Amino acid sequence: MLALRPWLEAFGHFVRTPTLGRRIASLLALAIVLLLAINIAVFVMIRRTAEFNDTVEHAQQVRFTAREILTRLVDAETGQRGFMLTARPEYLSVHDEAIQAMPDLFNELNALTEGDSDLQPRVERIRDLSDRRLDVMERSIVLARTGRIGEAVSVIRAGQGKALMDAMRAEIAAIDEVQATRLQFRRRQSEWAGGVTVLANALGALLIIILAAASAWLIRRYVIEIQAARSAVDRLNAGLEHQVRHRTADLTRANEEIQRFAYIVSHDLRAPLVNVMGYTSELEQAGKVLERQVAAIEARAPKAVDPEAVVAVREDVPEAIGFIRTSTEKMDRLINAILKLSREGRRNLVPEHLDMVSMVQKIADSVRHQTEAASAEIIIEPLPPMESDRLSVEQIFGNLVDNAVKYLDHGRPGRIVVSGEERGGDVVYRVADNGRGVSDRDHERIFELFRRSGRQDRPGEGLGLAFVRNSVRRLGGEITLESELGKGSTFILKFPKRLMLADAGDLA
Amino acid sequence: MSTSVKIVMIEDDLGHAKLIEKNIRRANIANEIAHFADGDSALDYLFSEPVKANGPLLILLDLNLPDMSGTEILSRVKNDERLRRAPVVVLTTTDDKVEIQRCYDLGCNVYITKPVDYESFAGAIRQLGLFLSVMQAPEIE
């Protein structure tokens, strides 16, 4: 029941949805129903023909039996006459033989016509006539046997026997006629039914041919549709490859444009900065000259110097210059960071086999003095190797380990765990620490350029993770962060096991 | 450097031009400095008859010019029969490896990146001045 349900639902769906398949199925069903109807009609016809044949045979039997009775009677007559003419007993044996067969024939005729209200009375009459005829015959034979030939001849001459025979012939002819009428009626009926059957058959055949033609047409249309769909798919497939190549080229071009843009912007930003810094220094020099001058005047005539001028030269100007200088220096660092990112994006990647354990070990060694100072440890678990660009991967892991060390929580012993595993065609690495962690709202933000999270109490420009994400993406990987504020952070890196470079330049 | 050598400075940023001139003077280089702020006027000057005819030249070239790229001027100069002997010092903000290679391929004699930090900048120009003071520029005939 449970198994039937989905089947029924599928069938219901099939019936409700007007599809080509449904039309073909219904046409075939109609054809089968027609064939069945024709079959039934033919079967009925065969049965009726058999019945008709039985009727014909029965009628023949009746006629034959009736005639046989007549023939026997004539035989008996012949024997009687021969005996009367010759008085030889062998003629009588012919007569007796004929008479002996009579009761069987009458029984047969009775059985054949039993229940037939048309024939039964006639059969009775024939039997009666025959009995009477036999009586007349018997009388003349008895007279002839006793030698009274004249009397016997006069019995025959009375013509009673002939009249009886004529009446019997008439009865038998009447039976024949009844049967002939009946047969004719049956034949006509049978002919009509046959005609109807032939017509039905022809009509059915025609319908089946039409249905077959409709089915064939539908199937042909269906096949044409399928072929069209398939060639469309083929075309699409061919187009898809072209499209992918086209898009890749577009992306590469867009990417190159962005790189170039970043590069140009940072250079064009640098030029004015040279002026700002240069003339700040010139101002400073000029300020020093003025200050010396003010000091000289002050030494000679203290009253001649405006105190405001002294404050301006000794405090305001150096302060302003100091702020200008720190700001421009910061701007220079930021521009250099953008330049570095854009330059890294333009660097050619060279995939090679990387033993990750030894690489991370080297990175851990390079920060040993910091970890020892913070009484922290770096644990390196077995790491799957991969095929990628050595410099980029070193920079990625270097940055992440540096970050982990930098943001350790000094309230507890630091513990940084680098682990990894293979997952399908990818390798996944984790850099986990028990440091200060990153709050939820900053999980995405820390990967952006110049953005930092948490208390700003550690040095940095907010470049490291932006740089890491850029590099990871360039290597076809992705980086995500799982972190809870105050508990620690885990950076999860996923790379393809083998770095595949696009033909038209790699995508960042 | 003999006093007859003329320094042709092609630099669109007037501030940079002034700073460069100042620091060259501070290095005790007293040669005449002709300044052009765009590529066209510089080329007009360089390819004018009197310049071609008169005395040795040294070209200080910035790459980022408003009307044309400095490398264009560089290739024009280095493809000229007479001017190509003039030493060309490319002095620009760009420190792109490809750009540097291209300049040397085109025949630049020295490539100097302008440092943003003024002390380094001034130092670099002064060293360039010291270098110019001992450098021999060929005669342009």
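In the text below, chain A, chain B and the rest are named by the order of the sequence lines, each starting its count at 1. Quick caveat: nothing in here was measured; it's all calculated off a predicted structure.
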- prompt: Is a side-chain donor or acceptor of B:His16 paired with a backbone partner of A:Val274 at a separation under 3.5 angstrom?
  reply: no

query: Quick one: salt bridge (Lys or Arg N to Asp or Glu O under 4.0 Å) pairs with a partner in residues 56-67 of chain B, sequence neighbours left out?
result: B:Asp62-B:Lys114

Interchain contact, B:Lys22 with chain A, by part (heavy-atom threshold 4.5 Å): side chain

statement: All heavy atoms of A:Arg270 vs all of B:Thr93, minimum pair found to be NH1-O, 3.3 Å

field: Spatial distance of atom CG (B:Leu19) from atom CG (A:Asn275) [nearest 0.5 Å]
entry: 6.0 Å

message: Within the supplied structure, the quantity of interest is the number of heavy atoms (other residues, nucleotides, ligands) at a distance under 6.0 Å from A:Phe323 CZ; does it exceed 12?
response: no

message: Take a 6.0 Å sphere around CZ of B:Phe47 and say whether it holds more than 12 heavy atoms from other residues, nucleotides or ligands.
response: yes

field: For A:Arg292, all residues meeting side-chain hydrogen bond (donor to acceptor under 3.5 Å, both in side chains), sequence neighbours excluded
entry: none

